[in-house]
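Worksheet: the structure to be examined is printed underneath.
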2 protein chains.
Amino acid sequence: MAEQHKFYGQEEFSKGLEGVIACESKLGYIDGQKGWLIYRGIEIGDLAEHSTYEETAYLLLFGKLPTRKELDEFTQKLVNYRTIDPRVADIIKSMPPTAHPMALLRTAFSALGAYENPEKVDEFDLEAWTELGIKAISQMATVAAEVGRLRAGLPPVAPDPNLNHASDFFYMLTGKKPNELEADVMNKALILHADHGMNASTFTSMVVASSLSDIYSAITGGLSSLKGPLHGGANERTLKMFMEIGEPENAKAYIEDKLARKVKIMGMGHRVYKAYDPRAKILKSYAERLAKLSGNEKLYTISQEVEKVMIERLGKKGIFPNVDYYSGIVYHSLGIDSKMFTPIFAVSRVAGWVARVLEYLHSNRIFRPRAIYTGPLKAEYVPIDQRS
Amino acid sequence: MAEQHKFYGQEEFSKGLEGVIACESKLGYIDGQKGWLIYRGIEIGDLAEHSTYEETAYLLLFGKLPTRKELDEFTQKLVNYRTIDPRVADIIKSMPPTAHPMALLRTAFSALGAYENPEKVDEFDLEAWTELGIKAISQMATVAAEVGRLRAGLPPVAPDPNLNHASDFFYMLTGKKPNELEADVMNKALILHADHGMNASTFTSMVVASSLSDIYSAITGGLSSLKGPLHGGANERTLKMFMEIGEPENAKAYIEDKLARKVKIMGMGHRVYKAYDPRAKILKSYAERLAKLSGNEKLYTISQEVEKVMIERLGKKGIFPNVDYYSGIVYHSLGIDSKMFTPIFAVSRVAGWVARVLEYLHSNRIFRPRAIYTGPLKAEYVPIDQRS
């Protein structure tokens with residue numbers, strides 16, 4: 001029997017599949033040592049400076065920057081798809097507004113898949129699924145905004161076809177057309193979060209899609225994973241930490257105490273980055289400006305104190321602020337309820353989910369790893385009255 | 001730059017993570033060479049012969065066969081949890097009955113998570129999440145049965161606390177109390193499908209849960225994955241194949257033709273099993289009896305012809321019937337719409353999802369593998385009017 005069970009308890013493995021290769025990809029690359037992130041070869045800083053979310057989504061999906069004609073067509077598709085089935089609002093309203101917004105979004109987005117033509121949704125076809133993916137990218141913004149409105153007891157806001165994707169999302173969520181700065185930062189935030197390697201939600205989407213399930217299932221899987229505090233919930237918790245600290249002069253003692261008790265400091269450090277997260281660098285300047293404009297300067301000052309202490313103490317170990325460290329201050333300064341931070345993340349990341357799923361499906365193989373079995377190889381089925 | 005990018009395009013990897021270890025587990029083991037499957041050390045044949053789905057779920061969750069007192073308490077919990085929020089039926093009714101039943105189930109089950117107390121659902125706590133897992137195992141049957149009833153234009157059937165889990169599910173789905181044989185085969189079918197290593201849906205559940213999302217998110221992920229034809233849809237497609245063949249004398253030519261064109265034969269072969277799937281062996285005798293009793297003898301005869309040809313041709317290569325080969329005939333002979341086969345799978349497998357998720361969370365690490373980047377390392381952001 002020993003030979004057949006040769007894997008039994010004898011092998012080493014990497015927990016959480018850290019460092020394990022799951023696939024090839026041409027989508028994006030992170031050099032964690034340098035703090036360097038590219039989408040399709042283009043540095044994230046260049047995209048944040050020059051691009052729009054629409055263009056970046058096109059780049060991720062199709063592997064090149066679009067010509068003006070291609071971008072116009074793509075943008076028009078996104079605009080046309082924005083309006084969603086009114087039954088989605090009814091489904092959201094049928095759930096308690098106190099539920100986690102990601103539970104509402106997961107359910108509402110899943111329902112969208114049921115309204116589509118099953119022949120297009122359920123039968124694997126790269127072309128049809130690419131189109132559904134574009135639709136999903138468009139509609140995630142509408143559904144997330146509806147979740148935000150309805151859970152706050154407010155009526156949904158219809159999309160405005162004259163606004164770009166990021167501005168329209170801001171408008172549907174807040175009911176207010178963004179000013180120039182707001183439009184700029186929302187666009188950048190969506191670009192910066194659109195893709196990030198094989199993170200848990202992207203990987204979930206790919207595992208789901210690998211059974212040739214469908215695009216909506218894949219994205220519902222991504223949403224299910226992103227909901228977790230170890231993934232999408234980090235910026236909300238970081239903001240909460242700044243608020244708990246309360247005053248800049250409390251920061252040092254607060255952090256020293258946490259470090260002494262080996263409690264994780266939110267928004268700091270990343271499995272991949274051992275340098276300053278390039279996305280955090282970009283959001284930092286916006287966090288500063290927006291915090292000042294919105295009377296949240298103290299929060300920003302606290303963030304600076306915490307960052308200083310942390311880098312002094314742990315910078316040598318590669319612990320630096322990650323993107324979640326500053327996105328919370330940014331969104332909070334824009335007047336957005338912190339409960340909606342993770343849905344905003346989804347509005348952006350859906351592009352990465354769709355792009356990586358479609359890329360993987362080009363030469364699909366269903367994901368099925370194995371476990372090392374460490375239980376008993378032989379146990380008797382003991383009749384119930386003889387058990388203890 | 002070369003050093004930092006040392007992984008760039010240079011490594012081998014296993015597509016679909018085949019053979020890659022994702023975790024340790026004491027839950028179950030498959031020896032694919034021998035066609036041997038155990039749950040917690042107990043052979044699947046012993047469980048199918050002597051156990052109930054309730055007892056098997058307990059075994060998977062808690063690692064031991066329950067005493068009578070433990071089983072009574074566990075069973076009572078499952079019974080108490082069967083009744084679900086009536087708004088779930090409204091959500092199902094709000095979606096088109098023509099949608100894939102797994103799209104309805106995915107959405108309806110996801111909604112259940114939103115009705116729970118967010119403090120219990122969203123904050124990681126092994127004890128609270130174990131209780132929610134038991135609830136989820138119970139309620140999957142009710143939701144799946146409601147999906148089956150409502151999509152067929154029939155009213156839901158309330159659970160009957162006097163029936164065991166498998167019989168009650170059959171009753172809620174069909175509106176008819178099962179006879180002894182029906183109760184027996186439903187119980188066995190649920191036992192046989194309850195767990196099966198690191199299949200794509202189980203793995204999805206684990207990846208989702210590893211962000212500390214929640215039990216409902218994890219199961220919604222599992223459902224999303226199971227929906228795919230490469231995973232949960234195989235028995236439905238196998239049955240369709242038998243029906244297409246139409247007459248036993250067509251079987252040989254049909255299969256030879258498919259093999260010549262390298263088309264996959266449904267219900268045959270398995271990534272793990274290179275011998276006869278032990279679950280298929282058990283279901284085969286039921287398929288035979290039930291097919292005869294229900295006037296589907298011809299389907300069974302066709303299955304025998306196909307099996308004969310396939311084993312002659314590919315048995316040496318380790319291609320044998322898997323569990324999906326016979327479960328379709330069994331369910332069809334019980335009068336169940338083939339569209340509901342995958343939801344039935346979910347009613348069983350939810351026990352494995354919950355058990356493996358809880359086991360993984362005992363010493364959790366978020367899943368984050370990596371991809372080999374094969375795209376360009378440097379691409380310019382070209383202004384839009386200079387692109388081609």
Side-chain angles (χ1 to χ4, degrees), chain A residues 4 13 15-17 20-26 29 31 41-42 46 50 65 67-68 87 91 94-95 99-100 103 106-107 110-111 113-114 118 122 198 200 204 207-208 211-213 217 220-221 224-225 227-231 271 365-367 369-376 379 381 384 387, chain B residues 4 13 15-17 20-26 29 31 41-42 46 50 65 67-68 87 91 94-95 99-100 103 106-107 110-111 113-114 118 122 198 200 204 207-208 211-213 217 220-221 224-225 227-231 365-376 379 381 384 387:
Chain A
Q4 283 93 336
F13 70 102
K15 269 200 88 170
L17 292 172
V20 173
I21 299 168
C23 62
E24 292 183 323
S25 175
K26 292 182 162 54
Y29 182 75
D31 185 325
I42 302 178
D46 288 340
H50 303 296
L65 290 168
T67 62
R68 190 171 299 277
R87 287 171 293 183
I91 286 181
S94 83
M95 293 182 283
H100 195 298
R106 182 188 69 211
T107 309
S110 172
D122 299 326
M198 300 292 285
T204 303
V207 176
V208 169
S211 73
L212 298 184
S213 184
S217 288
T220 304
S224 301
S225 171
K227 173 177 179 292
L230 298 188
H231 189 4
R271 186 177 306 181
R365 179 134 173 81
I366 192 168
F367 281 104
R370 51 189 194 90
I372 301 180
Y373 182 64
T374 54
Y381 182 87
I384 192 160
R387 293 173 199 161
Chain B
Q4 284 92 334
F13 71 102
K15 269 200 86 169
L17 292 173
V20 172
I21 298 168
C23 62
E24 293 184 321
S25 175
K26 292 182 161 57
Y29 182 76
D31 185 326
I42 302 177
D46 288 340
H50 303 295
L65 290 168
T67 62
R68 189 170 299 278
R87 288 171 293 184
I91 286 181
S94 82
M95 294 182 283
H100 195 298
R106 183 187 68 212
T107 310
S110 172
D122 299 326
M198 300 292 287
T204 303
V207 176
V208 169
S211 74
L212 299 185
S213 183
S217 288
T220 302
S224 300
S225 171
K227 173 177 179 293
L230 298 188
H231 189 3
R365 179 135 173 82
I366 192 168
F367 281 104
R368 196 191 207 293
R370 49 188 195 93
I372 301 180
Y373 183 65
T374 55
Y381 182 86
I384 191 159
R387 293 174 199 163

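- Between the side chain of A:Ser25 and the main chain of B:Tyr373, no donor-acceptor pair closer than 3.5 Å is present.
- Atom-to-atom distance recorded for B:Ile91:CD1 and A:Ile91:CD1 is 5.5 Å, nearest 0.5 angstrom.
- Contacts of A:Lys15 classified as side chain to side chain donor-acceptor pair (under 3.5 Å), with partners at least two apart in sequence or in another chain: B:Ser363.
- Residue B:Ala114 comes nearest to A:Arg106 through the heavy atom pair N-NH2, 4.4 Å, listed as atom of the first residue, atom of the second, then distance.
- Note on B:Asp46, B:Ile366, B:Thr67: by heavy-atom pairs under 4.5 Å with chain A, the leading option is B:Ile366.
- Between atom CZ of residue A:Arg370 and atom CD1 of residue B:Ile21 there is a gap of 4.0 Å, rounded to the nearest 0.5 Å.
- Note on B:Gly113, B:Pro229, B:Ala111: by heavy-atom pairs under 4.5 Å with chain A, the leading option is B:Pro229.
- Across every non-hydrogen atom of B:Val20 and A:Leu17, the tightest pair is CG1-CD2, 4.0 Å.
- Residue B:Ser213 comes nearest to A:Ser224 through the heavy atom pair OG-O, 2.5 Å, listed as atom of the first residue, atom of the second, then distance.
- In this structure, chain B has a heavy atom under 4.5 Å from the side chain of A:Arg271, while its backbone stays farther away.
- A:Arg87 places a side-chain N or O within donor-acceptor distance of the main-chain N or O of B:Ser94, the cut-off being under 3.5 Å.
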- Item | Working for side chain to side chain donor-acceptor pair (under 3.5 Å), residues B:Ser110 and A:Thr107 | CA-CA 5 Å; B:Ser110 172; A:Thr107 309; 2.6 Å; yes
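- Taking all atoms of both residues into account, the shortest heavy-atom contact from B:Lys227 to A:Ser217 is CD-OG, 3.5 Å.
- Not counting sequence neighbours, the partners of A:Ala379 by the side-chain contact (heavy atoms from CB on, under 4.5 Å) test are B:Ile42.
- A distance-only check finds a donor-acceptor pair linking the side chain of A:Ser211 to the backbone of B:Ser225 [under 3.5 Å].
- Scanning all heavy atoms of the two residues, the minimum distance from B:Ala99 to A:Pro118 falls at CA-CG, 4.2 Å.
- The line from CZ of B:Arg365 to CG of A:Leu230 is 10.0 Å long, rounded to the nearest 0.5 Å.
- Here B:Cys23 is the residue among B:Cys23, B:Ala103, B:Ala200 with the most heavy-atom pairs under 4.5 Å with chain A.
- Note that the CG atom of B:Leu65 and the CZ atom of A:Arg387 stand 4.0 Å from one another [nearest 0.5 Å].
- Counting heavy-atom pairs under 4.5 Å between each of B:His100, B:Met198, B:His231 and chain A puts B:Met198 at the top.
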